[in-house]
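For reference, the structure is listed below as structure tokens.
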Amino acid sequence: MSDFGEIIKRINKANDIAVYCHTNPDGDALGSMLSLGLALEKKGKKVTFCCDTPISARNSKFVGSNRIVLPNDEVHELGISVDSSDIDRLGGCVKSFLSCKSQIAIDHHKSFKRFTETCYVEKDACACALIIYKLLKEMRLIDKTVAQLLFEGIVTDSGCFAYPSVTPETHQIAAELMLYDFDAADAIYKVYRSMSKERFNLKCRVLAKAKLYCDGQVGVIVFTAEDFAKTSTSPVDTEGIINELIDIESVKVAYALSQVGDLNYKLSIRSKDPIDANEIASVYGGGGHKNAAGCRVNGYLEDIIERIVNLANRRI
Ligand SMILES: [Mn+2]
């Protein structure tokens with residue numbers, strides 16, 4: 001793995017840079033991509049912000065999100081992917097990313113699969129934004145806007161500094177960012193606590209149907225196409241709702257199934273130590289972090305639930 005030296009060299013050499021994040025971006029993906037792109041723009045680079053998912057009302061709260069474009073045929077000198085554990089996570093942006101004359105990947109997933117010659121990965125970092133912070137600090141490109149975006153990325157992926165992946169360094173970096181004097185409490189409210197009425201309704205509806213298995217040690221919630229239709233929401237509104245389930249004292253593994261197609265579901269997994277969510281997700285070809293991971297599963301809902309509850313039960 002190359003260090004920042006090679007990355008900075010490549011950034012300095014390029015004039016036309018495109019930054020990429022994964023499909024259905026979360027706060028860390030957006031905070032990392034937007035902070036990096038806006039900082040490079042300040043350095044005089046021409047920057048394009050690419051993501052394959054149209055920005056939702058929820059994500060439009062991130063400064064610079066109005067600059068994000070859907071994948072197109074434009075060819076860029078340098079493509080930088082952030083917060084993507086493998087090339088497929090770029091979704092509709094894969095072709096655009098690969099068409100760049102050179103590529104860099106910066107990531108923090110345990111399940112990272114190398115897809116560029118130059119990459120920088122810290123598998124223990126609780127957010128990709130922590131890595132972008134170190135890079136931009138070395139390049140002396142942090143200002144108030146950039147600091148707030150990095151802080152928002154860290155807040156999102158650390159569960160507001162609550163997950164086991166949070167270290168003294170996480171707090172040190174957050175403290176350094178707060179010195180830039182943005183409104184940190186407001187940033188946390190905006191990206192971590194606030195929600196639309198529609199999302200609240202979805203949450204109530206789905207949590208009311210939550211089921212516990214294995215003496216209350218495994219929790220399952222399901223977001224069906226009907227749940228989305230009845231509450232005027234979409235899969236992007238599911239983010240974080242699974243945490244209510246893992247917060248139940250007896251629950252050691254929490255699952256959220258989100259309907260994507262007829263017999264096709266996105267599975268999110270949360271676990272408490274020592275159970276490894278990344279390892280469970282890898283059974284279905286997915287991945288993520290030790291306590292939070294995801295994958296796709298196909299089949300009838302009842303069969304899927306039986307299979308994933310068994311997977312958890314064997315690890316409890
Ligand atoms: Mn992340």
Side-chain angles (χ1 to χ4, degrees), residues 1 19-37 49-53 55-56 58-59 61-62 64-65 68 80-91 93 97 104-116 119-136 146 148-167 169-171 173-174 177 187-188 191-192 235-236 238-240 242-243 246 256 266-271 276-278 281-282 286-295:
M1 303 271 164
V19 285
Y20 295 81
C21 70
H22 59 76
T23 187
N24 291 325
D26 55 22
D28 185 36
L30 290 172
S32 296
M33 174 173 78
L34 296 169
S35 61
L36 177 61
F49 300 79
C50 303
C51 179
D52 79 346
T53 315
I55 289 306
S56 63
R58 181 172 165 75
N59 285 340
K61 298 167 185 168
F62 289 81
S65 58
I68 296 174
I80 307 176
S81 156
V82 297
D83 201 34
S84 287
S85 55
D86 60 69
I87 183 102
D88 294 332
R89 291 285 290 143
L90 293 175
C93 283
F97 181 71
I104 293 171
I106 299 173
D107 188 46
H108 72 122
H109 290 88
K110 242 181 123 177
S111 56
F112 181 78
K113 287 192 207 93
R114 190 172 187 153
F115 57 96
T116 55
C119 60
Y120 185 92
V121 183
E122 268 185 42
K123 294 192 178 186
D124 293 328
C126 71
C128 190
L130 284 178
I131 308 174
I132 304 297
Y133 164 82
K134 292 179 195 169
L135 170 66
L136 294 180
V146 166
Q148 177 166 342
L149 283 163
L150 291 169
F151 184 81
E152 289 166 350
I154 295 167
V155 165
T156 311
D157 258 21
S158 69
C160 206
F161 307 100
Y163 295 157
S165 52
V166 171
T167 64
E169 188 194 36
T170 317
H171 285 283
I173 291 176
L177 290 171
I188 290 172
V191 305
Y192 190 71
V236 298
T238 62
E239 196 190 323
I242 188 175
N243 292 330
I246 195 71
K266 194 184 132 220
L267 174 64
S268 297
I269 309 166
R270 297 291 180 276
S271 69
D276 190 337
N278 180 59
S282 71
H289 309 286
K290 175 143 194 240
N291 302 104
C295 56

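For ligands, and for the atoms within them, numbers begin at 1 and follow the listed sequence. In this text, all values refer to a predicted model and were calculated from it rather than measured experimentally.
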Looking only at N, O or S atoms, which one in [X] sits nearest to the Mn ion (ligand 1)?
{"X": "Asp157", "value": "OD2"}
{"X": "Asp83", "value": "OD1"}
{"X": "Asp28", "value": "OD2"}

Any idea how His109 and His289 line up, ring-wise: parallel (<30°), tilted (30 to 60°), or perpendicular (>60°)? parallel

Under the side-chain contact (heavy atoms from CB on, under 4.5 Å) test against Cys93, which residue among Ile87, Asp52, Thr23 passes? Asp52

Kindly indicate, with the supporting measurements, whether the criterion salt bridge (charged side-chain N to carboxylate O under 4.0 Å, His left out) is fulfilled by Glu152 and Lys61. CA-CA 10 Å; Glu152 289 166 350; Lys61 298 167 185 168; over 6 Å; no

Enter the distance from Ile104:CD1 to Leu36:CG here, rounded to the nearest 0.5 Å. 9.0 Å

Got an N, O or S from His108 under 2.8 Å of the Mn ion (ligand 1)? yes

